[in-house]
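Notes follow once the structure below has been shown.
Quick note on labels: first sequence line is chain A, next is B, and so on, each numbered from 1.
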Amino acid sequence: MKLLLLDGHSLAYRAFFALPAENFSTSTGQHTNAVYGFTSMLINVLRDEAPTHVGVAFDVSRRTFRAAEYPEYKAGRSATPTEFSGQIPLLHEVLDALRIKHVGIEGYEADDVIATLTHRAVEQGHEVVICTGDRDAFQLVSDKVTLLYPVRGVSEVWRMDPAAVAEKYLVPPERYSDLAALVGESSDNLPGVPGVGPKTAAKWLGQYGDLAGIVAHVDEIKGKAGENLRAHLDGVLRNRRLNRLVNDLDLPLGIDDLQRASWDREEVHRVFDGLEFRVLRDRLFATFDVEADEVEGGFELEGEIVHADGLPLRFGDGAHGRQVPHGVVVTGHYRGGSGDAGAVAFAGADGVTGYVDLTTLTPEQDEVLASWLADPTAPKVLHDAKEQLQALSTRGLPLAGITSDTALAAYLVRPDQRSYDLEDLVVRHLGRELKAQEAAGDQGMLDFAPDDDTSEREAMVRARAVLELSEVLGERLEETGGTDLLRDLELPLVDILARMERTGIAVDEDALTALEADFAAKMRQAQLDAYEAIGRSDVNLGSPKQLQEVLFEQLGMPKTKRTKTGYTTDADALADLFAKTEHPFLEALLRHRDTSRLRVTVEGLIKSVALDRRIHTTYIQTIAATGRLSSTDPNLQNVPIRTVEGRRIRDVFVVGEGYESLMSADYSQIEMRIMAHLSGDEGLIEAFRTGEDLHRFVGARVFGVEPEDVTAAMRSKVKAMSYGLAYGLSAFGLSKQLNISTGEAQGLMDEYFSRFGGVRDYLREVVVEARATGYTATMLGRRRYLPDLVSDNRQRREGAERMALNAPIQGSAADIIKLAMKGVDAALRSEGMASRILLQVHDELVLEVAPGEREALEALVRREMGAAVAMDVPLDVSVGVGRSWHDAAH
DNA sequence: ATACAAACGTA
DNA sequence: CGTACGTTTGTATG
């Protein structure tokens, strides 16, 4: 057991002076700096100390027994500012919401309360941590009692144990009050002995043991200091009476009452909303949503197991209740276009849990299960539904009625996490472990033999956990405005993506093989040329380390930009070196890089061709913090297009049998259009409405010429800048990219912003808003939390600012194409067309055109993509058709 | 065997 | 000192 005691008054008072009031006020003008500082410190201490019990002590008034004995006590302090005292009730509200007890006793100070509680806790053998800005509390420090003393405002604390006190004040903690009595305490208006500081006082205490010893030998002390001591002895003894903390107060609560309780979530929201503590609230929830040491217990499994050879399986009017929400877990696997499902575990809100082995079902059971799985009105909750949906589909079992996916829900709540493991989420949000509840006795337990049940029990536990988790995440989602996004966007997308994955895209395998051979030959030639150029062949051209040896030592070339381990050999740097030295090795090396990369890309594609001669990528819906999809195994979102040789790879992605052609439809300049819409900049909006070439239009404004007089050089500069803006590009970065001086780049940006002031204002406002709320939001309300916006670390802070600039733009584009996919898919179905979506590449959809549908499909795609969302600028869609992905480009 | 850095492909 | 990804290779660690 560990007790944490805080001095509410002294800590809040510290914060009041440490934090600038103008940064910590609500929109109604209420100052909150003291509350903020205290709460922030409280969160940190709770996190770092992980106490089991917590209490906060307050001063009630200045009329204390000390002031009664010594009227000058704490006199000379300026009156407490009303801006501070007005925050004390707010502080009480925060503590109440957090269910942390606070107490103040008339006539005594907060420290007396702390001393009393400490005394009792230590008597009971507990560990105590005290957090206060009042030095009198040093006397309480012992091997069981640690004191956290804030320094530098409230940003840091000193951890004072007996050794630390002794080191700092040269006396052990139990002598600290004697020392303070001798030296005096100016903040309490207690004068000490003139000319006696901590060193002299410590020396005396060392010599005579304690203050009583000094008093007993007061006549032996020599010198001026001794004289002063004798002259001020009464004052010293009075100081000692006053700084002795009272440790036997009669308190209205005991140690047990301070046990930590889970806080009142709704009240926390209400109070923190009122104080406009958005970032702090998120920090609170992020830190403490579930305490690690609260994790205990598992999931109860009840009801009957349904074996294929056993009981009749019923969902519906029977025991399970067809409309009751069920957690569902499908065991099995799926990747690259094939897989299998082994079993379905389910856990209903009615308490029934079950497990069905798909391999041993009777036809009757199969019928019941299939009809329930496919029933859109039978609500089901899964974790990462897509793969399980795919596994079921291999057995011809459609799955419908998914009302939540806990991985997607968790992603929408906090989109920047590396993974959304069910196990982690259960610990984090439910405070339990992903295991079966060890129930007392066998009541209610499933009648498994203990050795054959593990995978079955595990699946049922997961099903039960998913169901419970979905409720908690549903609340979190509601709090963060993500409910609609889940239901109307991400969930409907699951099925669309699943079908795209299953469909895959056809490739010309012979062409692919030929391409590999061609790239391999070119790569070998480049290698030979490179070796010849340096007169050796013992270098691995793929090793940056060995290349550095050749470039900078053997050939003595100028050093390039540093990396963590040496000097970069990236393509940019090699091109620079080639411009300087014209060494043939560099040309051959670059050629080798290019061709070997292409060869490897092709090789990877060959490996991933499935038996149906198609490539089936996997889309991940919960990776990109901005809301984009990602593609893996293989990644079909980074197939080369920029170079002629690279484009040859696109030419092997072809229309499949039974279809007429491939269609590629993409949004042109969608991010700039979103920028125009979100910023409301009239110039940029006009640019898109006139239909003129964007960069020509912008270039004309920036350079002050007629659009027809915009040169290619002007256009490319403006293009780089426009796109850079959405990434938080600096003048320095722009200058590097365009190979111009920083001054020129800055001038370009200034000119841009003076012509498109709305863009400048928008970008500025995005960061300000995100700093205040703690998150950015896309057009559909998809949030990205960026706590580093208030980091003390400049690099982290500026990095977060760039993310804040980019997230709403990239994220809104992601929202839009997801809406478009829904629209296109729905229209294809409602019009009974056979054409289908194959790929999504962020702003592009690749479709397979069924015979005779080309024209209708183009109209449908233009309509649905163009109308995905209403904006102040048109959404321009460009469409191309051809036998291959390359030919469909436009 | 696993983890990381460097490099490079896409939007 | 430009955002968001995934993959491969080499290298350093265990």
Stacked cation flag A/Arg784 on A/Tyr775, 6.0 angstrom / 45 deg:
no
Validate the cation-pi geometry between A/Arg562 and A/Tyr567: distance from NZ or CZ to the six-membered ring centre under 6.0 Å, angle to the ring axis within 45°.
yes
Please give the distance between the P atoms of C/dG2 and B/dC4 as a whole number of Å.
25 Å
Determine whether A/Tyr723 and A/Tyr727 satisfy the following criterion, ring-ring contact (aromatic ring centres under 6.0 Å, His included), listing intermediate values before the conclusion.
CA-CA 7 Å; A/Tyr723 280 105; A/Tyr727 301 148; 7.6 Å; no
How many whole angstroms separate atom CG of A/Leu839 from atom P of B/dT10?
15 Å
When the nearest nucleotide of DNA chain C is assigned to A/Gly542 and to A/Ala625 on a heavy-atom basis, which residue is associated with the more 5' position?
A/Ala625
Please list residues of [range] whose heavy atoms come under 4.0 Å from any atom in DNA chain C, ordered by number; otherwise none.
| range | result |
| --- | --- |
| residues 876-890 of chain A | none |
| residues 595-606 of chain A | A/Arg597, A/Val600 |
| residues 797-808 of chain A | A/Arg802, A/Met803, A/Asn806 |

Along DNA chain C, 5' to 3', what are the outermost nucleotides having an atom less than 4.0 Å from a heavy atom of chain A?
C/dC1 to C/dA12
Residues touching DNA chain B, which here means a heavy atom under 4.0 Å, drawn from residues 554-571 of chain A
A/Thr563, A/Lys564, A/Thr565, A/Thr568, A/Thr569, A/Asp570, A/Ala571
Could you note down all residue pairs passing salt bridge (Lys or Arg N to Asp or Glu O under 4.0 Å) where residues 490-499 of chain A supplies at least one of them, sequence neighbours left out?
A/Glu490-A/Arg782, A/Glu490-A/Lys818, A/Asp495-A/Arg499, A/Asp495-A/Arg829, A/Arg499-A/Asp825
